[in-house]
Engineer: 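Sharing a structure below in structure tokens format, with a few things to ask.
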Amino acid sequence: MTSTKPNVVFVLGGPGAGKGTQCARIAEKYGYVHLSAGDLLREEAAKPDSSLGKEINEHIKNGSIVPVAVTCKLLENAMKKSGKENFLIDGFPRNQDNVNGWKESVGDRVNVQCVLFFDCDEQTCVARCLERGKASGRTDDNEASLKKRIVTYNDSTRPVIQLFDKENLVKRIDASNDVDKRFGEFLKYGLKGAVFALPCLITLMDKVATVSLVAGKSMQPLLNPTGLNSDWVVIKRWDIDDYFLQKGDIVSLESPREPQVYMIKRIKALENEIIYDTIKQKEIRVPKGHVWVEGDNKRDSYDSRHFGCIPRGLVTGRALYVIWPPKRFGTKLILHDSEDDDE
Ligand SMILES: Nc1ncnc2c1ncn2[C@@H]1O[C@H](COP(=O)(O)OP(=O)(O)OP(=O)(O)O)[C@@H](O)[C@H]1O
Ligand SMILES: Nc1ccn([C@H]2C[C@H](O)[C@@H](COP(=O)(O)O)O2)c(=O)n1
């Protein structure tokens, strides 16, 4: 019997275990809506008129947990607003208060399919957060906050994971190894067919142009600005030799790791150019016949920083305009005022 309730997958693990990185990938590949409790709290706190901002910021800096009524409301609102059915809820429930509040407020109205547990040793978690802290602007990616976050994780979140484990809901993924291995581990759970149904880009037409639904948050704020998989874009296709890619172009491409899986990214470097890989922290020269692609939203993008330069032949088209939803109709996705944009 198929469930008509929305599906929820909780995603837990230590700070910096890679929950956000993997969720971005899962969302992009399967069209799940990725809701990060931490991101929602940070967004709420950043609103100039929020009465909760001060309290949330204090908790974030101290690595303590915001009262569940606040977090649960933000999650519920985001779920409702999306109008979608499948959610990855990242960083929740983080403690027993979160569990109780969720049960009271949402309870059986959703179907909790499983809990993805990204298991990563403390040293790796801290090193990743400190590295991320060089550019993230987060007030908690520093040694003092991390010490507290780790204590909160060990004392409050681990018991929640154990609780779910007793209910046989936990899928453990070794989060200390590389991004692709982990994604492979995730797929081995066989969730692929059963849980995640929507491919990254749904293509309605072919050959000259395609109209595609963009999944995931990797191109925010330009695409899917609300975090929902709602933007449809026109993608112009071409014969591989007919168009000279330019830096800044937004393109569709076939994943170098998963044939038949398509994604949308921005060209950041062309052949023979040098690009700085912010994850591996080194300069890379793009080989002949290749390009380097990244999402605009670095936190939520799986791109060349993870899979390296891609052969030019994997690029299948160039994104031109948003055509849906109506209020975003006509949003231009091109930097250059030249050639084919008004064909
Ligand atoms: N497998 C990996 N190997 C190396 N670095 C990684 C890996 N996975 C993620 N990272 C990097 O580690 C940092 C933390 O990853 P991410 O933001 O996904 O963690 P998180 O679990 O969501 O963290 P938090 O709970 O603190 O928000 C990021 O800079 C990311 O690029
Ligand atoms: N359920 C949650 C999730 C997050 N927070 C607060 C406290 C965390 O340290 C911070 C950052 O979360 P992250 O982005 O690391 O998932 O947000 C909370 O109070 N309750």
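Values in this document were obtained by computation on a predicted structure and should not be read as measured data. Whatever order the structure lists them in is the order used to number ligands and atoms, beginning at 1.
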Engineer: Is there a heavy atom of Arg149 sitting under 4.0 angstrom from any atom of ligand 1?
Structural biologist: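 Checking ligand 1 against Arg149, which is what was asked, there is a heavy-atom contact under 4.0 Å.
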
Engineer: So, 4.0 Å and heavy atoms of Ala17: is ligand 1 close enough to count as a contact?
Structural biologist: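 Within the 4.0 Å threshold, so yes.
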
Engineer: Does Arg299 have a non-hydrogen atom less than 4.0 Å from ligand 1?
Structural biologist: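 A heavy atom of Arg299 does come that close to ligand 1.
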
Engineer: Against heavy atoms of Gly91, which atoms of ligand 2 measure under 4.0 Å?
Structural biologist: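 Once the distances to Gly91 are compared, the set is 1 (N), 2 (C), 3 (C).
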
Engineer: Polar contacts were defined as any N/O atom of the residue lying under 3.5 Å from an N/O atom of the ligand; does this apply to Arg132 and ligand 1?
Structural biologist: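 Among all N and O atoms of Arg132, at least one is under 3.5 Å from an N or O of ligand 1.
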
Engineer: Counting both backbone and side chain atoms, is some N or O of Pro15 under 3.5 Å from an N or O of ligand 1?
Structural biologist: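 No: no nitrogen or oxygen of Pro15 is under 3.5 Å from one in ligand 1.
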
Engineer: Could you check atom 13 (P) of ligand 2 against the protein and tell me its nearest heavy-atom contact, residue, atom and distance included?
Structural biologist: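 Protein heavy atom with the smallest distance to atom 13 (P) of ligand 2: Arg94 NH2, 3.4 Å.
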
Engineer: Are any of the N/O atoms on Cys129, whether in the backbone or the side chain, positioned under 3.5 angstrom from an N/O atom of ligand 1?
Structural biologist: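 Looking only at distances, the answer is no, because the N/O contact criterion of under 3.5 Å is not met.
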
Engineer: If you measure only the distance, is there a donor-acceptor pair under 3.5 Å linking the side chains of Asn224 and Gln220?
Structural biologist: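 Result is no, nothing qualifies.
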
Engineer: List ligand 2 atoms under 4.0 Å from Ile60, heavy atoms only on the residue side.
Structural biologist: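 So the atoms of ligand 2 that pass are 10 (C), 17 (O).
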
Engineer: Please verify whether a non-hydrogen atom of Arg149 lies at under 4.0 Å from ligand 2.
Structural biologist: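 In this structure, Arg149 qualifies as a contact of ligand 2 - some heavy atom is under 4.0 Å.
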
Engineer: Which protein heavy atom lies closest to atom 11 (C) of ligand 2, and at what distance to 0.1 Å?
Structural biologist: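 Checked against all protein heavy atoms, atom 11 (C) of ligand 2 sits closest to Arg42 NH1, 3.4 Å.
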
Engineer: Considering heavy atoms of the protein only, find what lies nearest to atom 20 (N) of ligand 2 and give residue, atom and distance to 0.1 Å.
Structural biologist: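 Looking only at protein heavy atoms, the one closest to atom 20 (N) of ligand 2 is Ile65 CG2, 3.6 Å.
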
Engineer: CG of Leu75 to OG of Ser36: how many Å apart, nearest 0.5 Å?
Structural biologist: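 Going from CG on Leu75 over to OG on Ser36, the span is 9.0 Å.
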
Engineer: Can we say Lys73 and Glu44 salt-bridge, meaning some charged N sits less than 4.0 Å from an Asp/Glu carboxylate O?
Structural biologist: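 Glu44 and Lys73: not salt-bridged.
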
Engineer: What's the spacing between Asn98 CG and Cys72 SG if we round to 0.5 Å?
Structural biologist: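 One finds 8.0 Å between CG of Asn98 and SG of Cys72.
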
Engineer: Using a heavy-atom cut-off of under 4.0 Å, does the side chain or the backbone of Asp141 touch ligand 1, or both, or neither?
Structural biologist: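 Near ligand 1, Asp141 shows nothing, with every heavy atom at 4.0 Å or more.
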
Engineer: Does ligand 1 have any atom sitting under 4.0 Å from a heavy atom of Gly13?
Structural biologist: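 No; Gly13 lies far enough from ligand 1 that no heavy-atom distance drops under 4.0 Å.
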
Engineer: State whether a side-chain donor-acceptor pair under 3.5 Å links Lys265 with Ser218.
Structural biologist: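 Distance-only check passes for Lys265 and Ser218.
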
Engineer: Based purely on interatomic distance, does Lys19 place a nitrogen or oxygen under 3.5 Å from a nitrogen or oxygen of ligand 1?
Structural biologist: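 The answer is yes, given that Lys19 and ligand 1 share an N or O pair closer than 3.5 Å.
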
Engineer: Which of the numbered atoms in ligand 2 are below 4.0 angstrom from a heavy atom of Ala37?
Structural biologist: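 Per the distance check, 1 (N), 3 (C).
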
Engineer: Under 3.5 Å between some N or O of ligand 1 and some N or O of Gly18?
Structural biologist: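 It does: an N or O of Gly18 is found under 3.5 Å from an N or O of ligand 1.
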
Engineer: Can you classify the ring geometry of Trp102 versus Phe10 as parallel (below 30°), tilted (30 to 60°) or perpendicular (above 60°)?
Structural biologist: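 Taking Phe10 first and then Trp102, their aromatic rings stand perpendicular (interplane angle over 60°).
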
Engineer: Contact between Lys19 and ligand 2, counting heavy atoms under 4.0 Å?
Structural biologist: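 No; Lys19 lies far enough from ligand 2 that no heavy-atom distance drops under 4.0 Å.
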
Engineer: May I ask you to identify the nearest protein heavy atom to atom 5 (N) of ligand 2, giving residue, atom name and distance to one decimal place in Å?
Structural biologist: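 Answer for atom 5 (N) of ligand 2: Leu41 CD1, 3.3 Å.
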
Engineer: Distance to 0.1 Å, residue and atom name: give those for the protein heavy atom nearest to atom 7 (C) of ligand 2.
Structural biologist: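 Result: Ser64 O, 3.4 Å.
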
Engineer: Among all protein heavy atoms in this structure, tell me which lies nearest to atom 19 (O) of ligand 2, with the distance rounded to 0.1 Å.
Structural biologist: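 Going atom by atom, the protein heavy atom closest to atom 19 (O) of ligand 2 ends up being Val66 N, 2.7 Å.
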
Engineer: For the 3.5 Å polar cut-off, considering only N or O atoms, please tell me whether Arg138 and ligand 1 meet it.
Structural biologist: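 Yes, since at least one N or O of Arg138 sits under 3.5 Å from an N or O of ligand 1.
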
Engineer: Please list, in number order, the atoms of ligand 2 under 4.0 Å from a heavy atom of Phe92.
Structural biologist: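 It comes down to these atoms of ligand 2: 1 (N).
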
Engineer: Can you check whether Asp90 has an N/O within less than 3.5 Å of an N/O in ligand 1?
Structural biologist: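 In this structure, Asp90 places no N or O atom under 3.5 Å from an N or O of ligand 1.
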
Engineer: Are any of the N/O atoms on Ala175, whether in the backbone or the side chain, positioned under 3.5 angstrom from an N/O atom of ligand 1?
Structural biologist: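 No; the residue has no nitrogen or oxygen that sits under 3.5 Å from a nitrogen or oxygen of the ligand.
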
Engineer: Out of all atoms in ligand 2, which are within 4.0 Å of some heavy atom of Arg138? Include the element for each.
Structural biologist: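 Those atoms are 11 (C), 13 (P), 14 (O), 15 (O).
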
Engineer: Under 4.0 Å between a side-chain nitrogen and a carboxylate oxygen: does that hold for Lys268 and Asp303?
Structural biologist: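 Salt bridge absent between Lys268 and Asp303.
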
